[in-house]
Amino acid sequence: MRVAFYAPMKQPTHPVPSGDRRMARLLMAALARAGHRVELASRLRSYDGAGDPARQAAIATRARGIAARLLRRYRARPPAQRPAAWFTYHLYYKAPDWLGPAVADALAIPYLVAEASHAPKRAGGAWAPGHAAAADAIARAAAIFTLNPVDAECLAPLAGAGRVVRLPPFLDAVGPAPPPRAAARAALAGRFGLDAGRTWLLAVAMMRAGDKLASYRLLGQALRRLSDLDWQLLVVGDGPARDDVEAALAGLGVRYAGAQAEQDLAAFYAAADLCVWPAVNEAYGMVLLEAQAAGLPVVAGIAGGVAAIVADGATGLLTPAGDEAAFAEALRRLILDPARRAAMGAAARAKAAREHDIATAAAILDAELRRACAAAKDRSCRPSP
């Protein structure tokens, strides 16, 4: 069936690397893998980070015009070529969906969402319009897929029984073996001046203000507690806060690889010994999943859905959020224990293949989509009261 797809937070087709955009593209790929024809409905970004009611009102007005144009376009098609369902990824009070509910209602098709969150404390104040729009969209959704299990508790009162569906974060092509470690390590050692004989720590993240910078700062503080050990850190990422990141990691002998294309990250995961990321306020961490799928154990802070991806003590070590001493101690244990790292890496790769593969996600999405479409068709066939 045809599925209209929309991501109000970030455009899936934008070239700037982002875990959010990556997951949007993966959801589109999983729906296609299940046999559905997916089309991007709009590139409208509804995000308002400042809490400006006037901006929210302007976005809502613009969205009404876009929704009207979409309906004209869809209705001009033969019925078999119109969307049979609408799927929205990542909506919350700062990035509500002003489009999907209106179009889905007008076409009498099911409305489904993934990675929605509801914050009751935002019912009043600067984001009240966005909060109300997000709550209305969530309440009418036929299925709500939660990638972060922490979101489920607040969604349940809006969604009702049976509509919140757990969808573990996933990757495409978990199965293929990573590049040969020795070759990847030698190549990166030559490019970035690393010592192939030392323990390699790897951090992969955009460099921007807020939670990402806070994670880099905590990482720097933790690493300064490990000056007695033999390690080196390679950082993949770039962004507007690069100067602040370099200041946070100053004096640690860090090597910077800059931003890397998704397809090139496999060599970095293959070459490293340990993926390290404090994960301040992280939803779940695509990088943490990618690292484990490549057989790389993880040390991360506990935040959001990270614990649903990293099995503490089995595929990596998790530490209390914001605790630099605990983070440093976890790093110390694994830097000093190569055998444990190897065992964790093997367990991480097995877990990713077992629980986080696109085929599993495609089956979950397909089952719920077909159920929602069948229910919508049943309602449309009932006589009016």
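Everything numeric here is computed off the predicted structure, so don't read it as measured data.
Under the ring-ring contact (aromatic ring centres under 6.0 Å, His included) criterion, the residue pairs touching residues 120-148 are F87-F145, Y93-W127, H118-H131, with sequence neighbours excluded.
For the pair R69/R73, no side-chain contact is recorded, criterion being any heavy-atom separation below 4.5 Å from C-beta on. Annotation: side chain of L213 is not in contact with side chain of M207 (no heavy-atom distance under 4.5 Å). Between I335 and L226, some side-chain heavy-atom pair lies under the 4.5 Å cut-off. Contact of the L167 side chain with the L365 side chain is registered, since non-hydrogen atoms from C-beta on lie closer than 4.5 Å. Side-chain contact between V287 and L265: absent, with no pair of heavy atoms (C-beta onward) separated by less than 4.5 Å. R21 places none of its side-chain heavy atoms less than 4.5 Å from the side chain of P12. Looking at L112 and P110, their side chains come closer than 4.5 Å, going by heavy atoms from C-beta outward. Within the 4.5 Å cutoff, the side chain of V298 has no heavy atoms near those of the T315 side chain.
Minimum heavy-atom separation, P83 to R77: CD-NH1, 4.3 Å. Taking every heavy atom of both residues into account, Q56 and A126 meet most closely at NE2-O, 2.9 Å. The two residues A205 and W277 have their closest heavy-atom pair at CB-CH2, 3.4 Å. Looking at every heavy atom in both residues, L334 comes nearest to R341 through O-NH1, 2.6 Å. Between A326 and P320, the shortest heavy-atom contact is CB-CD, 3.9 Å. When all heavy atoms of A330 and L317 are compared, the closest pair comes out as O-CD1, 3.7 Å.
Under the 3.5 Å distance criterion, the side-chain polar atoms of H36 are left unmatched by any main-chain donor or acceptor of V38. Remark: the backbone N or O of L288 is paired with a side-chain donor or acceptor of Q292 at under 3.5 angstrom. A donor-acceptor distance shorter than 3.5 angstrom exists from the side chain of D312 to the backbone of L318, with no hydrogens or angles considered. One N or O on the side chain of T61 and one on the backbone of A57 form a donor-acceptor pair closer than 3.5 Å. Judged by distance alone, with hydrogens and angles left aside, the side-chain atoms of R255 form a donor-acceptor pair with the main-chain N or O of G253 at under 3.5 Å. With hydrogens and angles ignored, the 3.5 Å screen pairs a side-chain donor or acceptor of R163 with a backbone N or O of A141. No donor-acceptor pair under 3.5 Å is formed between the side chain of Q232 and the backbone N or O of W200. Under a 3.5 Å cut-off, the side chain of R33 and the backbone N or O of I358 do not form any donor-acceptor pair. With hydrogens and angles ignored, the 3.5 Å screen pairs no side-chain donor or acceptor of T146 with any backbone N or O of A152. Put simply, the side chain of E153 never gets that close to the backbone of V150: no donor and acceptor are under 3.5 Å apart.
L252 is not connected to L188 by any chain of hydrophobic side-chain contacts under 4.5 Å among Ile, Leu, Val, Met, Phe, Trp and Tyr, and they are in different clusters. Y92 is not connected to W98 by any chain of hydrophobic side-chain contacts under 4.5 Å among Ile, Leu, Val, Met, Phe, Trp and Tyr, and they are in different clusters. When the side chains of ILVMFWY residues are joined at heavy-atom separations under 4.5 Å, either directly or via intervening members, M23 and F5 end up in a single hydrophobic cluster. Hydrophobic clustering (side-chain heavy atoms under 4.5 Å, transitive across Ile, Leu, Val, Met, Phe, Trp, Tyr) groups Y89 together with M1. The hydrophobic cluster containing M206 does not contain L234, counting ILVMFWY residues as joined when their side-chain heavy atoms lie under 4.5 angstrom apart, directly or transitively.
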Assess whether salt bridge (Lys or Arg N to Asp or Glu O under 4.0 Å) is satisfied between R198 and D230, documenting all intermediate values. CA-CA 6 Å; R198 301 173 67 189; D230 190 22; 2.6 Å; yes
Worked verdict on F327 versus L219 for side chain to side chain contact (heavy atoms under 4.5 Å, CB included): CA-CA 8 Å; F327 196 85; L219 178 60; 3.8 Å; yes
Might you work through the side chain to side chain contact (heavy atoms under 4.5 Å, CB included) test for R82 and R2, ending with a clear yes or no? CA-CA 7 Å; R82 297 170 188 168; R2 288 177 180 266; over 6 Å; no
Test side chain to side chain contact (heavy atoms under 4.5 Å, CB included) on E355 and T360; report intermediate values, then the result. CA-CA 7 Å; E355 301 176 17; T360 300; over 6 Å; no
Take D151 and R166 through the test salt bridge (Lys or Arg N to Asp or Glu O under 4.0 Å) and record every step on the way to the result. CA-CA 10 Å; D151 293 333; R166 176 78 178 111; over 6 Å; no
Set out, in order, the CA-CA distance, both residues' side-chain angles and the distance that settles side chain to side chain contact (heavy atoms under 4.5 Å, CB included) for Y111 and V113, then state yes or no. CA-CA 7 Å; Y111 174 74; V113 300; 3.4 Å; yes
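Of the residues R225, R224, R217, the one that meets the side chain to side chain donor-acceptor pair (under 3.5 Å) test with E324 is R225. Under the side chain to side chain contact (heavy atoms under 4.5 Å, CB included) test applied with M9, the options T88, D97, D20, L91 reduce to a single match, D20.
Taken from CG in L233 to CG in L202, the straight-line distance is 8.0 Å, to the nearest 0.5 Å. Note that the CG atom of L296 and the OH atom of Y269 stand 8.5 Å from one another [nearest 0.5 Å]. Taken from CG in L31 to CD in E39, the straight-line distance is 12.5 Å, to the nearest 0.5 Å. In this structure, CD1 on I144 lies 11.0 Å from CD on E368, to the nearest 0.5 angstrom. Expressed to the nearest 0.5 Å, how far CG of L336 lies from CG of L331 amounts to 10.5 Å. We find the OG-CD distance between S18 and Q11 to be 11.5 Å, quoted to the nearest 0.5 Å.
Side-chain contact of T199 with D273: a donor-acceptor pair under 3.5 Å is absent, judged by distance alone. Side chain to side chain, Y256 and D238 fail the donor-acceptor criterion of an N or O pair below 3.5 Å.
Salt-bridge annotation for E115 and K10: absent, with no side-chain N of the basic residue lying under 4.0 Å from a carboxylate O of the acidic one. In this structure, R370 pairs ionically with D366, as a charged nitrogen and a carboxylate oxygen lie closer than 4.0 Å. Ion pair K212/E282 flagged as a salt bridge, since at least one NZ, NE, NH1 or NH2 atom sits closer than 4.0 Å to an Asp/Glu carboxylate oxygen.
For E262, the CD atom counts as densely surrounded, since its 6.0 Å shell holds more than 12 non-hydrogen atoms of other residues, nucleotides or ligands. Annotation: R62, atom CZ; neighbour count of heavy atoms from other residues, nucleotides and ligands within 6.0 Å does not exceed 12. Atom CZ of R37 has 12 or fewer neighbouring heavy atoms from other residues, nucleotides or ligands inside a 6.0 Å radius.
The aromatic rings of W86 and Y6 stand perpendicular to each other, their planes meeting at an angle above 60°, with 30° marking the opposite boundary.
The cationic group of R208 does not satisfy the cation-pi geometry with Y216, failing either the under 6.0 Å distance to the six-membered ring centre or the 45° limit from the ring axis.
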